[in-house]
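For reference, the structure discussed in these notes is given below.
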Amino acid sequence: MRGGQGVARAPVLQFTNCRILRGGALLREDLWVRGGRILDPEKLFFEERRVADEQRDCGGRILAPGFIDVQINGGFGVDFSQATEDVGLGVALVARRILSHGVTSFCPTLVTSPPEVYHKVLPQIPVTSGGPHGAGVLGLHLEGPFISREKRGAHPEAHLRSFEANAFHDVLATYGPLDNVRIVTLAPELGRSHEVIRELTARGICVSLGHSVADLRAAEAAVQSGATFITHLFNAMLPFHHRDPGIVGLLTSDQLPPGRGIFYGMIADGTHTNPAALRIAHRAHPQGLVLVTDAIPALGLGNGRHTLGQQEVEVDGLTAYVAGTTTLSGSIAPMDVCVRHFLQATGCSVESALEAASLHPAQLLGLEKCKGTLDFGADADFVVLDDSLHVRATYISGELVWQAEEARQ
């Protein structure tokens, strides 16, 4: 029936007086939500002849898609690479705490670990929807153990592995079932890696290149086999060289499959990547830049010694090192801090900075129809920001899941 009469309809929520990030621009429009999805108001008016059941004034603030972190190792004392008896509780704690940083979806990340850790942890972290309980889990990111010894970074050398004669069997023997896995980081120069890349891609798993000494030709071959992502560009890979730019050269390569772009993660925490390097990458290939935190369990805890998988790390100010070394071991900057630093360091537009934390990771994972966008029909996962890009509120499926203290008063 027209007008919705005789049919039970979910209530319609209208957000007024806001600037919506949509189509790469900040538009002064209202945002309409029903049933956890973004609603086309024209259809509401002309097909159902309805108006909003409730209005909320945003006070002129920015409404952007919720942030998506595809590389986060833990936080607030929780280490995803520790095979504890309460892995699920730890993931739930992190999922709840990162709401205050605007993150509505994430990929819990495990660093290089022994097989028994993967076998115990992976089944305990299923894909879940977000809500008042916390950000949604999009699937696991397994960073290692099939990586370079020379560029292992904070990954423990004792647990690194290579591919043997039956390469994909080695993968399954190491990880166990891959049902909950969304991303695997590996070094493409390892023997039989292309066989593994093709197998993982066929299962819908994103393959990322990282912790590698690959030259450009090897990196291009990996992309031709199905790899689509680069793990924390510039970190844990050969430095750029004008005669062979290595993995970094993928940003401007003319040897990628037609229509296939490359995405690349960047840790914009002010420590891992010099502002000039951020600018170079962004200007070379802005559409592929994905902000990641690479946050470690020490996120939110301050100075001192903490764990990261099988190793101890030491936090001093804004930097985390493998204990007793000068090797960086992940970040302690949350996503909203990375967005603000990226904006300041590159001089890009506000829209570009926000899309690097929302639209681009959604595109990487093939979720751009429902995540990382505020287009009609998409999930109503969004963040309310002030002009300096500080998070004032976070919504998942149109429901308020976190709000700044002063906004509650």
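For this chain, numbers begin at 1 and follow the sequence in order.
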Can I get a per-line list of side-chain donor-acceptor pairs under 3.5 Å for residues 124-136, giving both atom names and the distance, sequence neighbours left out?
from, atom 1, to, atom 2, distance (Å)
Gln124, NE2, Lys120, O, 3.0
His133, NE2, Ser129, O, 3.0

Problem - Closest approach of Val103 to Met335 (non-hydrogen atoms, all atoms of both residues) - result: CG2-CB, 3.7 Å

Problem - Pair Ser331, Thr293: side-chain N/O donor-acceptor within cut-off below 3.5 Å - result: no

Exercise for the section: Assess the side chains of Thr84 and Gln82: does a donor N or O sit below 3.5 Å from an acceptor N or O? Expected result: no

Practice task
Look up atom OG in Ser225 and atom CD in Glu195, then write down how far apart they are to the nearest 0.5 Å.
Solution key: 10.5 Å

Practice task
Show your reasoning for whether salt bridge (Lys or Arg N to Asp or Glu O under 4.0 Å) applies to Arg34 and Glu48.
Solution key: CA-CA 13 Å; Arg34 179 171 65 187; Glu48 301 182 30; 2.8 Å; yes

Exercise for the section: Ignoring hydrogens and angles, tell me if any N or O in the side chain of Asp386 forms a donor-acceptor pair with the backbone of Leu389 under 3.5 Å. Expected result: yes

Practice task
Could you tell me whether Arg19 and Asp387 make a salt bridge, using a distance below 4.0 angstrom between a side-chain N and a carboxylate O?
Solution key: yes

Practice task
Please indicate whether Glu42 has more than 12 foreign heavy atoms, meaning atoms of other residues, nucleotides or ligands, lying under 6.0 Å from its CD.
Solution key: no

Problem - Distance-only polar pair, side chains of Asp30 and Thr16, donor-acceptor under 3.5 Å - result: no

Problem - Glu189 and Ser212, any side-chain heavy atoms less than 4.5 Å apart - result: yes

Completion exercise
When rounded to the nearest 0.5 Å, the distance separating OG1 of Thr394 from CG of Asp336 is 9.0 Å

Fill in the blank from the handout: Shortest non-hydrogen pair, Phe342 vs Cys348, comes out as CE2-SG, 3.7 Å

Handout entry: Tyr118 side chain vs Ser113 backbone, donor-acceptor pair below 3.5 Å
Key = yes

Handout entry: Check: His119 ring centre within less than 6.0 Å of Tyr175 ring centre
Key = no

Exercise for the section: Answer yes or no: is there a donor N or O on one side and an acceptor on the other, between the side chain of Thr373 and the main chain of Lys369, under 3.5 Å? Expected result: no

Exercise for the section: May I ask you to decide if Val111's main-chain N or O and Ser81's side chain share a donor-acceptor pair within less than 3.5 Å? Expected result: yes

Only distances under 3.5 Å count here; give the side-chain donor-acceptor pairs of residues 246-258 to other protein atoms, sequence neighbours excluded, each with its distance to 0.1 Å.
from, atom 1, to, atom 2, distance (Å)
Ser253, OG, Glu220, OE2, 2.6
Ser253, OG, Gln255, N, 3.0

Exercise for the section: Mark yes or no for whether Asp244, through its side chain, and Asp215, through its backbone, hold a donor-acceptor pair below 3.5 Å. Expected result: no

Problem - Distance (rounded to the nearest 0.5 Å) between His101 NE2 and Cys338 SG - result: 10.5 Å

Practice task
Answer yes or no: is there a donor N or O on one side and an acceptor on the other, between the side chain of Arg182 and the main chain of Leu365, under 3.5 Å?
Solution key: yes

Completion exercise
In terms of heavy-atom contacts, Pro286 and His360 come closest through O-CE1, 3.2 Å

Completion exercise
Heavy-atom closest pair (Gly35 atom, Ala10 atom, distance to 0.1 Å) is N-CB, 4.1 Å

Practice task
Evaluate the side-chain proximity of Gln287 to Glu355: yes if any heavy-atom separation is below 4.5 Å, no if none is.
Solution key: no

Handout entry: Side-chain heavy-atom pair His272, His232 within 4.5 angstrom cut-off
Key = no

Exercise for the section: For Arg50 and Val12, run side chain to side chain contact (heavy atoms under 4.5 Å, CB included): C-alpha distance rounded to whole Å, both residues' side-chain angles, the deciding distance at 0.1 Å, then the answer. Expected result: CA-CA 9 Å; Arg50 286 187 61 189; Val12 175; 3.9 Å; yes

Exercise for the section: May I ask you to decide if Leu122's main-chain N or O and Asn180's side chain share a donor-acceptor pair within less than 3.5 Å? Expected result: yes

Practice task
Could you check Cys206 against Leu364 for side chain to side chain contact (heavy atoms under 4.5 Å, CB included), going step by step and ending with a plain yes or no?
Solution key: CA-CA 8 Å; Cys206 168; Leu364 166 70; 3.8 Å; yes

Problem - Donor-acceptor under 3.5 Å (Thr109 side chain, Asn73 main chain) - result: no

Exercise for the section: Indicate the atoms forming the closest heavy-atom contact of Ala404 with Val391, along with that distance. Expected result: CB-O, 4.3 Å

Exercise for the section: Look up atom OG1 in Thr346 and atom CG in Leu278, then write down how far apart they are to the nearest 0.5 Å. Expected result: 7.0 Å

Practice task
Ignoring hydrogens and angles, tell me if any N or O in the side chain of Tyr395 forms a donor-acceptor pair with the backbone of Val384 under 3.5 Å.
Solution key: no

Practice task
Validate the cation-pi geometry between Arg97 and Phe76: distance from NZ or CZ to the six-membered ring centre under 6.0 Å, angle to the ring axis within 45°.
Solution key: yes

Handout entry: Worked verdict on Gln363 versus Glu368 for side-chain hydrogen bond (donor to acceptor under 3.5 Å, both in side chains)
Key = CA-CA 5 Å; Gln363 291 172 329; Glu368 67 271 20; 6.0 Å; no

Exercise for the section: Determine, step by step, whether Glu54 and Arg56 satisfy the salt bridge (Lys or Arg N to Asp or Glu O under 4.0 Å) criterion, reporting the C-alpha distance in whole Å, the side-chain angles of both residues, the deciding distance to 0.1 Å, and the verdict. Expected result: CA-CA 7 Å; Glu54 180 185 347; Arg56 296 186 186 176; 3.1 Å; yes

Practice task
Give a yes or no on whether the backbone of Ala345 and the side-chain of Arg279 come within a donor-acceptor separation of less than 3.5 Å.
Solution key: yes

Problem - Min side-chain heavy-atom separation Asp53-Leu13 under 4.5 Å - result: no

Problem - More than 12 heavy atoms from other groups under 6.0 Å of OH on Tyr321 - result: no

Problem - Nearest atoms (heavy-atom pairs only) where Thr174 meets Phe146 - result: OG1-CZ, 3.5 Å

Practice task
Can you establish whether the number of heavy atoms outside Arg260 located under 6.0 Å from its atom CZ is more than 12?
Solution key: yes

Practice task
List the steps, then state whether side chain to side chain contact (heavy atoms under 4.5 Å, CB included) holds for Leu200 with Phe168.
Solution key: CA-CA 9 Å; Leu200 290 170; Phe168 197 65; 3.8 Å; yes

Handout entry: Flag side-chain contact, heavy atom, 4.5 Å: Lys371 against Asp379
Key = yes

Practice task
Take Leu21 and Phe382 through the test side chain to side chain contact (heavy atoms under 4.5 Å, CB included) and record every step on the way to the result.
Solution key: CA-CA 10 Å; Leu21 178 61; Phe382 58 93; over 6 Å; no

Handout entry: Any Phe106 side-chain heavy atom under 4.5 Å of Leu138 side chain
Key = no

Practice task
State the CG-CG distance between Asp69 and Leu291, to the nearest 0.5 angstrom.
Solution key: 9.5 Å

Handout entry: Pairwise side-chain contact, Val196 with Phe163, heavy-atom cut-off 4.5 Å (strictly under)
Key = yes

Handout entry: Interatomic spacing from OG in Ser193 to CZ in Arg198 - rounded to 0.5 Å
Key = 9.0 Å

Problem - Flag side-chain contact, heavy atom, 4.5 Å: Glu199 against Leu178 - result: no

Exercise for the section: Measure centre to centre between the rings of His211 and His155, then say whether the value is under 6.0 Å. Expected result: yes

